[in-house]
There are 2 protein chains.
Amino acid sequence: MTKVLVIDDEAPILNALRINLAARNYEVSTAADGTAGLAAMARERPDVLILDLGLPDMDGTEVIRGVRGWTSTPIIVLSAWGQESQKVAALDAGADDYVTKPFGMDELLARLRAAVRRAAPGPAEPVVSTEHFSVDLSAKRVTCGGADVRLTPTEWQLLEVLVRHPDRLVSQRQLLAEVWGPGYQNEANYLRVYVANLRRKLEPDPSRPRYLLTETGMGYRFRP
Amino acid sequence: MTKVLVIDDEAPILNALRINLAARNYEVSTAADGTAGLAAMARERPDVLILDLGLPDMDGTEVIRGVRGWTSTPIIVLSAWGQESQKVAALDAGADDYVTKPFGMDELLARLRAAVRRAAPGPAEPVVSTEHFSVDLSAKRVTCGGADVRLTPTEWQLLEVLVRHPDRLVSQRQLLAEVWGPGYQNEANYLRVYVANLRRKLEPDPSRPRYLLTETGMGYRFRP
DNA sequence: CGGCGGTGTTAAGGAAGCGTCAAGACCGGC
DNA sequence: GCCGGTCTTGACGCTTCCTTAACACCGCCG
């Protein structure tokens with residue numbers, strides 16, 4: 001769940017944000033001034049910071065600089081209408097984005113999504129490991145006992161489909177359709193050849209498969 | 001020098017941007033509609049794209065999607081006041097930021113700086129070394145056995161893409177799109193020629209590659 | 001016991017992909 | 001306009017991969 005920290009001294013805005021963000025399934029924490037905000041930033045380690053520039057105890061750009069000293073967490077700035085120079089200063093200090101008050105909640109949420117998306121390297125953990133081998137989906141890399149394993153394109157595609165559905169039984173028809181195309185749904189012999197190839201390259205004992213299991217008459221299953 | 005591409009169909013805005021950006025030492029190119037814009041994007045390889053949503057020939061979000069298909073170059077969107085839903089759609093399509101017309105030039109420039117700064121690799125290690133050669137990404141210099149190696153512009157771009165994704169498989173389509181442009185995704189023979197050039201200049205034994213590995217049917221991989 | 005459907009294994013031919021070389025096209029500077 | 005460097009383009013031989021077929025195996029049931 002995405003964690004958001006809101007630093008603002010106006011109670012109505014704080015409440016509105018807390019309610020709306022919580023409703024969208026964000027985890028929200030708040031702080032009412034710059035000092036408390038910097039402390040909360042270090043303590044909570046949020047994924048995004050929403051920062052009001054008009055704080056009672058310190059200038060907004062100082063907060064930004066304080067945060068930027070040790071993390072690149074995205075910062076979205078709230079500023080009152082007309083404070084052009086402040087906004088510019090905030091962006092130059094390292095803010096990622098800003099929204100002018102009064103603002104529409106939809107716009108803020110869209111900017112929030114954009115900021116989180118930019119910061120996130122990848123949506124899902126792309127590496128699946130077993131005791132004997134590991135598969136890095138994004139790098140398209142397979143290592144077995146420390147050494148790289150070379151897979152042909154077809155072998156890789158087949159393994160990818162199985163690994164993306166761990167513990168699930170994947171039917172022969174689905175495998176054939178996803179790897180060879182929808183026109184190959186009766187060529188079950190392809191599967192036998194390529195599953196055998198994968199087992200020879202990955203299984204500790206290819207004749208007694210431990211990870212790439214056969215479900216007779218149905219399909220195959222990957223058990224991590 | 002930072003390169004900026006402006007896609008806008010209104011001549012006054014185009015001129016204002018050209019003058020102001022050039023005065024700030026940006027290198028500016030322009031396009032008047034989406035089609036020409038996408039072509040210019042591939043040709044010019046700007047560091048930032050400024051995109052007006054109100055184009056005559058296609059929807060702004062389509063342009064964004066066309067660009068995001070092959071590069072993560074920052075995109076700043078210009079939109080008329082009040083088009084809230086358009087702005088949200090643009091951000092969700094992959095835009096990085098937007099500015100509402102009429103806009104202050106200072107604000108646009110600040111957002112431009114922020115976008116470029118965000119896109120910069122930041123604290124990433126700018127020099128990658130192997131046992132036999134080392135690549136300085138920021139200085140664009142390659143040394144092999146103590147001596148400088150001369151690379152042609154195309155050779156350098158190709159090497160840069162591979163080195164920026166160490167250990168990762170980079171598909172032929174991605175390499176072609178990033179080095180030659182999105183229109184060259186079927187010219188796999190270019191890759192063969194230039195990978196061979198790089199190997200001849202960098203590999204200790206070009207016929208038995210140790211760092212620039214080919215994965216038949218899939219792409220290439222740089223192993224440090 | 002002997003067929004039968006589904007599966008695992010292996011090998012060979014052809015297709016596709018790759019490395020290499022070289023010649024021509026292009027483009028900049030002089 | 002010439003010249004050197006760079007980029008395209010095509011052809012050739014070689015390697016890798018995909019497809020296909022043949023055969024052994026296993027469990028099931030008549």
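Labels below follow one simple rule: chain letters A, B, ... track the order of the sequence lines, proteins then strands, and each chain is numbered from 1. Every value quoted in this text rests on a predicted model; they were computed, and no experiment measured them.
Residues passing the salt bridge (Lys or Arg N to Asp or Glu O under 4.0 Å) test with Arg208(A) are Asp205(A), sequence neighbours excluded. The side chain to side chain contact (heavy atoms under 4.5 Å, CB included) search around Val99(A) returns Ile76(A), Leu78(A), Phe103(A), Glu107(A), Leu108(A), Arg111(A), not counting sequence neighbours. Under the rule for a salt bridge (Lys or Arg N to Asp or Glu O under 4.0 Å), Asp33(B) has no partner lying at least two apart in sequence or in another chain. With sequence neighbours left out, the side chain to side chain contact (heavy atoms under 4.5 Å, CB included) criterion links Val88(B) to Ala110(A), Arg113(A), Asp92(B). The side chain to side chain contact (heavy atoms under 4.5 Å, CB included) search around Arg173(B) returns Ser171(B), Gln185(B), Asn186(B), not counting sequence neighbours. Legend: residues meeting salt bridge (Lys or Arg N to Asp or Glu O under 4.0 Å) with Arg65(B), ordered by chain and number and at least two apart, are absent.
Here the P atom of nucleotide dT7(C) and the CZ atom of Arg199(A) are 11 Å apart, to the nearest Å. Atom CG of Leu198(A) and atom P of dC18(D) are 11 Å apart (whole Å). Taking atom CG of residue Leu212(A) and atom P of nucleotide dG8(C), one finds them 10 Å apart after rounding to whole Å. Between Leu191(A) atom CG and dT9(C) atom C1' the separation is 15 Å, expressed in whole Å. For Trp156(B) and dT6(D), the CH2 to P distance is 15 Å, given to the nearest whole Å. Distance Asn197(A) CG to dT20(D) P: 16 Å, rounded to the nearest Å. Between Leu213(B) atom CG and dG19(C) atom C1' there is a gap of 15 Å when expressed in whole angstrom units. Separating the CG atom of Asn186(A) from the P atom of dT19(D) is a distance of 15 Å, rounded to the nearest angstrom.
Atom CG of Leu91(B) and atom OG1 of Thr61(B) lie 11.5 Å apart (nearest 0.5 Å).
Contact check on Arg200(B) versus Glu155(B) returns no salt bridge, with no Lys/Arg side-chain nitrogen under 4.0 Å from an Asp/Glu carboxylate oxygen.
Phosphate proximity of dG8(C) to Ser207(A): absent, as no side-chain N or O sits under 4.0 Å from OP1 or OP2.
Listed in residue order, the members of residues 163-172 of chain A having a heavy atom less than 4.0 Å from DNA chain C are Gln172(A).
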Nucleotide-resolved protein contact map, nucleotides 7-16 of chain D, B/S/- at heavy-atom distance under 4.0 Å:
BBB------S
Which pairs of donor and acceptor atoms, one on a side chain in residues 209-216 of chain B, lie under 3.5 Å apart (sequence neighbours left out)?
| unit_1 | atom_1 | unit_2 | atom_2 | d |
| --- | --- | --- | --- | --- |
| Arg210(B) | NH2 | Glu131(B) | OE1 | 2.9 |
| Tyr211(B) | OH | His132(B) | ND1 | 2.6 |
| Glu215(B) | OE2 | Arg221(B) | NE | 3.3 |

